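Written out below as structure tokens is the structure these notes cover.
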Number of protein chains: 2
Amino acid sequence: MSINEIAKHLNVSKSTVSLVINGKAEQGRISQALAERILTYVQEIGYKPNVFAKSLATGRSHTIGLIVENISDSFYGPIALHIEKYLRKIGYHVFYSSTLGSIELGNTIVETMLDKKVEGLIVCPTNQMETSLEAIQKQQIPLVIFDRKAGDMATNYVGTDNYGGSLLAVDHLLENGFQQIGLVTNDSTQSQMIDRLNAYTDKLSQEGFHATILRLDFQADALEKAEQIKVFLRENPQLDALYFTTNYLCIAGLKAIQALNREGSYAIISFDDHELFELLQPAISCVEQPVAQIAQEAINLLFKQKKSPDLPLQQVIIPSKLIKRKSTC
Amino acid sequence: MSINEIAKHLNVSKSTVSLVINGKAEQGRISQALAERILTYVQEIGYKPNVFAKSLATGRSHTIGLIVENISDSFYGPIALHIEKYLRKIGYHVFYSSTLGSIELGNTIVETMLDKKVEGLIVCPTNQMETSLEAIQKQQIPLVIFDRKAGDMATNYVGTDNYGGSLLAVDHLLENGFQQIGLVTNDSTQSQMIDRLNAYTDKLSQEGFHATILRLDFQADALEKAEQIKVFLRENPQLDALYFTTNYLCIAGLKAIQALNREGSYAIISFDDHELFELLQPAISCVEQPVAQIAQEAINLLFKQKKSPDLPLQQVIIPSKLIKRKSTC
DNA sequence: TAAAACTGCAAAACCGGTTTTGCAATTAGC
DNA sequence: GCTAATTGCAAAACCGGTTTTGCAGTTTTA
């Protein structure tokens with residue numbers, strides 16, 4: 001059933017029907033009697049306007065795009081949930097895509113999202129995504145970056161205080177008397193990883209302790225990572241504590257420790273919480289990122305920019321929290 | 001830049017441009033020389049057809065909808081990842097939505113997905129979703145249900161062999177000498193839960209053992225569930241083994257056990273694996289659902305129906321696998 | 001009481017594509 | 001050498017909405 005057929009059936013013009021349906025009867029000077037007749041009929045047949053035609057005429061898609069590294073990850077999943085839940089309430093739909101850290105994929109994903117005419121994008125950028133992101137800004141499409149910065153581009157941004165959170169982790173280990181702290185991170189140049197790493201090296205050099213760092217291949221799978229961690233642990237028998245810069249690295253590390261039968265030999269702390277960390281023996285302390293808050297701030301920024309495109313770009317840094325799970329650590 | 005402007009600039013008609021762009025130059029009897037001239041210009045200016053206009057004209061959205069219970073869950077997340085990854089390759093985009101088990105939400109989500117003109121739907125149904133699902137079928141939109149059945153509706157369906165998988169779990173406990181097996185499930189009437197429960201009660205009654213069942217409020221949060229499990233464990237001190245019908249119930253159960261200081265007192269098995277189950281002490285055995293395979297089968301069924309709408313509806317049951325993680329259990 | 005303003009709606013223009021039809025010019029067929 | 005078929009493209013119709021304009025008929029205003 002189209003608006004044309006409705007108009008024909010009621011012997012009115014389709015412009016009249018359109019105005020009435022969209023609550024613009026008054027502005028279109030349609031009499032109340034006619035408006036009611038139209039509304040009644042529309043209700044009766046359960047008319048739903050064709051979304052393609054509507055979008056074509058209005059230029060609006062009521063859709064936003066969410067680009068994350070991996071939707072099945074325990075950090076991005078809850079963010080995706082929150083975003084969709086909130087946006088649905090205000091009449092938006094969400095396209096999602098996972099870059100899996102691939103530069104190439106990241107760029108094509110941005111391109112196809114733009115082709116789909118999303119009204120806004122919330123993006124966890126891959127490396128070298130700047131050109132694509134600039135294309136978004138050039139098209140005046142609201143954009144919020146989260147989790148890590150996109151090079152040194154000026155964008156709206158939401159993230160946790162990675163440096164500060166990382167300091168909390170290192171301090172916590174030091175306060176509990178651990179001095180041989182190994183850091184396990186990946187080799188990416190992403191800002192959040194750099195920040196976490198820097199806090200560690202700064203603090204250790206400041207205290208006069210030795211920094212022992214393992215940089216894992218970002219693209220390696222979990223098994224390979226665990227293998228490399230095993231080698232690292234064997235080569236550094238002096239370590240009494242391990243700091244993992246993300247939870248999936250920590251999981252790989254725990255598997256490595258288990259494989260070496262060294263359970264309980266290390267004080268362990270991780271950036272990012274995980275559902276089961278509190279159930280492990282001993283439980284794993286961590287620096288927690290407030291996921292719902294990150295998601296909500298991203299939405300806020302996005303709609304702020306939509307409302308006032310000329311507002312200056314904003315950076316929101318959310319403090320992270322230390323969760324202590326053991327007495328010894 | 002619109003197709004009209006291109007046509008004007010090249011002094012040709014827009015129909016010619018459209019035919020050439022869509023590779024129908026031959027069928028439209030456009031000379032190769034003109035076709036090349038058009039293609040060159042189109043490339044030069046980087047023209048992208050307006051997706052709204054294209055969809056309006058063709059009736060196609062190249063979009064499918066994915067409705068799950070919770071996108072951030074460790075079962076649905078990987079399914080969402082796989083579906084999006086695969087569909088992107090063949091030029092489709094994916095809208096997602098989480099029902100969170102709410103009947104009301106489930107129905108409105110289906111409605112808005114239909115309004116968006118998705119070309120297909122992959123749905124993990126809530127209770128009482130039948131009317132909405134029938135609306136989908138009436139509109140001839142390809143539909144695949146997964147994880148659980150939608151009442152006794154005839155639909156395409158993909159799921160694991162819940163009864164068989166559940167038998168594997170119970171058998172495994174029995175084979176290892178445990179005879180006082182408690183079952184922790186939720187109170188939903190969803191088919192997959194019923195199947196898992198039935199395998200348990202059937203097997204126990206067949207072996208002449210007593211069934212001890214806790215049905216948790218489906219909507220309760222994790223903390224409440226853990227509390228109820230604590231009560232259950234206190235009231236049933238005879239239990240030597242626990243079978244949880246999903247991994248999140250198992251997690252709640254582990255927390256309850258920890259709170260009661262009864263670690264190691266039970267043989268534990270769970271339906272659905274979890275990233276960290278293998279790291280726990282003792283590690284948790286489970287019945288694993290092959291997530292990627294479920295996702296791929298759902299896609300296959302969807303596109304089969306798209307291709308041949310009159311094909312009979314299909315049910316694909318994928319065998320589940322027992323993962324043994326301890327010597328004692 | 002004639003010009004001005006307002007009322008209530010239809011008609012038209014527009015959004016940007018796809019697909020069918022039509023028509024002059026050329027080629028083929030006999 | 002005249003008709004029929006084919007070529008190469010333009011023009012028109014269509015998808016289904018929104019928004020602006022136009023135009024009688026009525027009511028106000030001076």
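Here is how names work: the chains are called A, B, and so on, in the same order as the sequence lines, proteins then strands, and each is numbered from 1. This one's a predicted model, so the numbers in the text were calculated from it and none came from an experiment.
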Residue pair Lys116(A) / Thr63(B), side-chain heavy-atom distance below 4.5 Å: yes
Does Tyr47(A) put a side-chain nitrogen or oxygen below 4.0 Å from OP1 or OP2 of dG16(D)? no
Need one value for Val12(B): base, sugar-phosphate or nothing, where a base atom within 4.0 Å counts as base even if backbone is also close, heavy atoms only. sugar-phosphate
Give a yes/no answer on whether the side chain of Asn22(B) brings an N or O atom under 4.0 Å of OP1 or OP2 in dT18(C). yes
Are OP1 or OP2 of dC9(C) and a side-chain N or O of Ser31(A) less than 4.0 angstrom apart? yes
Value in whole Å for how far the C1' atom of dC9(D) lies from CG of Leu10(B): 14 Å
Quick one: is dA10(C) close enough that its OP1 or OP2 comes under 4.0 Å of any side-chain N or O from Ser13(A)? yes
Kindly indicate whether the side chain of Tyr248(A), heavy atoms from C-beta on, has any atom under 4.5 Å from the side chain of Asn70(A). no
Is Lys24(A) near enough to dT19(D) that one of its side-chain N or O atoms lies under 4.0 angstrom from OP1 or OP2? yes
Nearest whole Å is fine: how far is dG16(C) P from Glu5(B) CD? 8 Å
Of all the nucleotides listed (dG17(D), dC9(C), dT7(D)), which has the minimum atom distance to the side chain of Ile30(A)? dC9(C)
Any Thr16(B) side-chain N or O less than 4.0 Å from OP1/OP2 of dA10(D): yes
For the side chain of Pro49(B), counting heavy atoms from C-beta on, which of dG17(D), dT18(C), dG17(C) is nearest? dG17(C)
To the nearest angstrom, how far is Gln27(B) atom CD from dT18(C) atom P? 12 Å
Where does the angle between the aromatic ring planes of Phe95(A) and His93(B) fall among parallel (under 30°), tilted (30 to 60°) and perpendicular (over 60°)? perpendicular
Separation of Ile6(B) atom CD1 from dT18(C) atom C1', in whole Å? 15 Å
Which is true for Gly59(A) with a 4.0 Å heavy-atom rule: it touches a base, it touches only sugar-phosphate, or it touches nothing? nothing
Could you label the plane-to-plane angle of the Tyr92(A) and Phe303(A) rings as parallel, tilted or perpendicular, counting under 30° as parallel and over 60° as perpendicular? perpendicular
Residue Thr58(B), side-chain heavy atoms: nucleotide from dT18(C), dT18(D), dC9(D) that is nearest: dT18(C)
Ser2(A) side-chain proximity, nearest of dG17(C), dG16(D), dT7(C): dG16(D)
Output the rounded distance in Å from NE2 (His62(A)) to P (dT18(D)). 11 Å
Quick one: is Ser18(A) getting a side-chain N or O under 4.0 Å of the dT18(D) phosphate, OP1 or OP2? yes
Taking N and O atoms by type only, does the side chain of Lys14(B) place a donor or acceptor under 3.5 Å from a partner on the base of dG16(C)? no
Does Ser15(B) reach a base, just sugar-phosphate, or nothing at all? Heavy atoms under 4.0 Å. base
Report yes if some heavy atom in the side chain of Asn22(A) is under 4.5 Å from a heavy atom in the side chain of Lys54(A); otherwise report no. yes
